[in-house]
2 protein chains.
Amino acid sequence: MEGYPIGQHKHITPPKAANREQRSEESRARILKAATSIFAEKGPEGARVDEIADQAGINKRMLYHYFGNKENLYLEVLRYNYNKIYTLSKNAINLADEPKVNVARAIRAYFYFLADNEAYVRLTSWEALCVGRFTGKLFPQFFDLIELEFDDLIKDGIERGCIRPDIDIRQAILSVRALCLAYFTQRKIVQSLWREDIFSEEMLEACLQHILNLIFDGLFI
Amino acid sequence: MEGYPIGQHKHITPPKAANREQRSEESRARILKAATSIFAEKGPEGARVDEIADQAGINKRMLYHYFGNKENLYLEVLRYNYNKIYTLSKNAINLADEPKVNVARAIRAYFYFLADNEAYVRLTSWEALCVGRFTGKLFPQFFDLIELEFDDLIKDGIERGCIRPDIDIRQAILSVRALCLAYFTQRKIVQSLWREDIFSEEMLEACLQHILNLIFDGLFI
DNA sequence: ATATTAAGTAACTGGTTAGTTACTTATATT
DNA sequence: AATATAAGTAACTAACCAGTTACTTAATAT
């Protein structure tokens, strides 16, 4: 399990740990990666442990050795993927800039993060549906825009008189999130209806612009 | 066999002893209703045939008699629930009215339809995730706003100079749909974060107003 | 009334799947 | 080199579940 001799020593504890520890770490990572793809594709109910082990190229026994059981593996997958949202966070806000610029930059970052992380999008969708069923409890972290300090952005915009003061910030966040997610959660339906590759560079940019226009000015004149 | 089975008391005909056709129709309806609730709750993979039969108060054999197999039952559930969208459709458009009035009325009808039909919302969500997996093919009808002739509304608005002419109608429909659905698909997360009952009359109306404001004017001043 | 047919039941079947057992192989420590 | 421990394997098991079988009961037509 997690038996690194951290502060403890008898003799020199050289970075020899290499081979075995390294390989075990690799196995763990391979399982997590395979599990991500299969849980994202088929959901917590549809995913099969054997298929995950197979795709990871390890024996099922090892999966249980590293992760205990299917539910815990699923939770690890959620944690592992949720952490990815932090890779973009934080640097989106620069209070020196215009609120409009800040909001546009944050939405753009979020939108392209979703475009690049299909597994993440699907995992959040499964979670929204299965909450309280498979994992037994809710994973509120998946309400990710909050983590991006998006509400600070909006507050700043209101204070500086750029954003209408009467809006409900919680609802604004939910709306932005919904607008960005829609393209990717409805991907297959959209693709079959529009008969167009949503993931082309131009199309993605057009979708993003549509969202920004809507957020900034609405649809009406 | 003999005339009357001995020892078996044949009292008055049971109260439910309507004619055969009627009872069979009732059984079918009960199965469909139970299946709707369980497929909506647990999805096509998580739903159990035994549980559906149990909840419908009929024998599993009868479920197979009426619906053939689980997948076909699921398809019937989709069809049955999808048809509900027609109950509101059509009467939303009145080209004599202002486009703004028409759009507001259509969005309001759609929003409250979703609020009143949790099963419908969840079925569309499962479909978006499971498309091409459980049913083998996609159920594009679930892109429901199109059925509501919402695009005609927007076209009318553009022609009459109320709606910006540069917007992509397909994207506008997707956006409206996403904004309305978000409250209900993310219901549990929202409820736990906001610590408020989204389904109170005031809250629903506030959410709808937020959507309408966003659609009409955006968030910025 | 009797034959026919549909509605209904309980118990079973065969395939699947999460999780386990009993064992072998490789690596590190003494 | 011997031993301890972790990584790894194949085959198994118990539970589950979609779908079936063999049968009984009830309603309708003749």
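Each chain gets a letter, A, B and so on, in the order the sequences are listed, and its residues count up from 1.
- If you take CG of B:Leu63 and P of D:dG19, they are 10 Å apart, rounded to a whole angstrom.
- Between A:Phe111 and A:Phe184, the two ring planes are tilted [angle within 30° to 60°].
- In this structure a side-chain-to-backbone donor-acceptor pair under 3.5 Å is present from B:Ser125 to B:Val121.
- Of the candidates D:dG19, C:dG8, D:dA10, C:dG8 carries the atom nearest the B:Met62 side chain, counting heavy atoms from C-beta on.
- Side-chain atoms of A:Asn81 come within 3.5 Å of backbone N or O of A:Val77 as a donor-acceptor pair.
- Rounded to an integer number of Å, the gap from CD1 of A:Ile52 to P of C:dA18 is 8 Å.
- One atom, CD of B:Glu45, and another, P of D:dC16, lie 19 Å apart when rounded to the nearest Å.
- Counting to the nearest Å, the P atom of D:dA22 and the CZ atom of B:Arg61 are 12 Å from each other.
- Evaluation of atom-type donor-acceptor distances gives a pair under 3.5 Å for the side chain of B:Lys60 against the base of D:dG19.
- Looking at A:Lys70 and A:Glu45, no side-chain N of the basic residue comes within less than 4.0 Å of a carboxylate O on the acidic one, giving no salt bridge.
- Relative ring orientation between A:Tyr120 and A:Phe113 is described as perpendicular, the plane-to-plane angle rising above 60° on a 0-90° scale split at 30° and 60°.
- The side chain of A:His65 contributes no N or O atom lying less than 4.0 Å from OP1 or OP2 of D:dG8.
- The distance between atom NZ of B:Lys70 and atom C1' of D:dC16, rounded to the nearest whole Å, is 12 Å.
- Regarding B:Ile58, its CD1 atom lies at a distance of 14 Å from the C1' atom of C:dA10, rounded to whole Å.
- When distances are taken from the side chain of B:Asn59 to each of D:dG8, C:dT9, C:dA7, the shortest belongs to C:dT9.
- With respect to A:Asp168 and A:Arg170, a salt bridge is recorded, a charged nitrogen being found less than 4.0 Å from a carboxylate O.
- No engagement by B:Phe67 is indicated, since no non-hydrogen atom pair under 4.0 Å with the nucleic acid exists.
- Residue B:Asp50 places its side chain closer to D:dC17 than to any other of D:dC17, D:dG8, C:dG19.
- For the pair A:Asn72 CG and C:dA18 C1', the interatomic distance rounds to 14 Å; values are reported in whole Å.
- For the OP1/OP2 pair of C:dG8 and a distance below 4.0 Å, the side-chain nitrogens and oxygens of B:Tyr64 include no atom meeting the criterion.
- Contacts between residues 27-43 of chain A and DNA chain C, defined by a heavy-atom separation below 4.0 Å, involve no residue at all.
- Within 4.0 Å of A:Ala47, counting heavy atoms only, lie sugar-phosphate atoms of the nucleic acid but no base atom.
- The interatomic distance linking B:Glu51 (CD) with D:dC16 (C1') rounds to 14 Å, in whole Å.
- An OP1 or OP2 oxygen of D:dA18 is reached within less than 4.0 angstrom by a side-chain nitrogen or oxygen of B:Arg48.
- Between the side chains of A:Glu205 and A:Gln209, a donor-acceptor pair is found at a separation under 3.5 Å.
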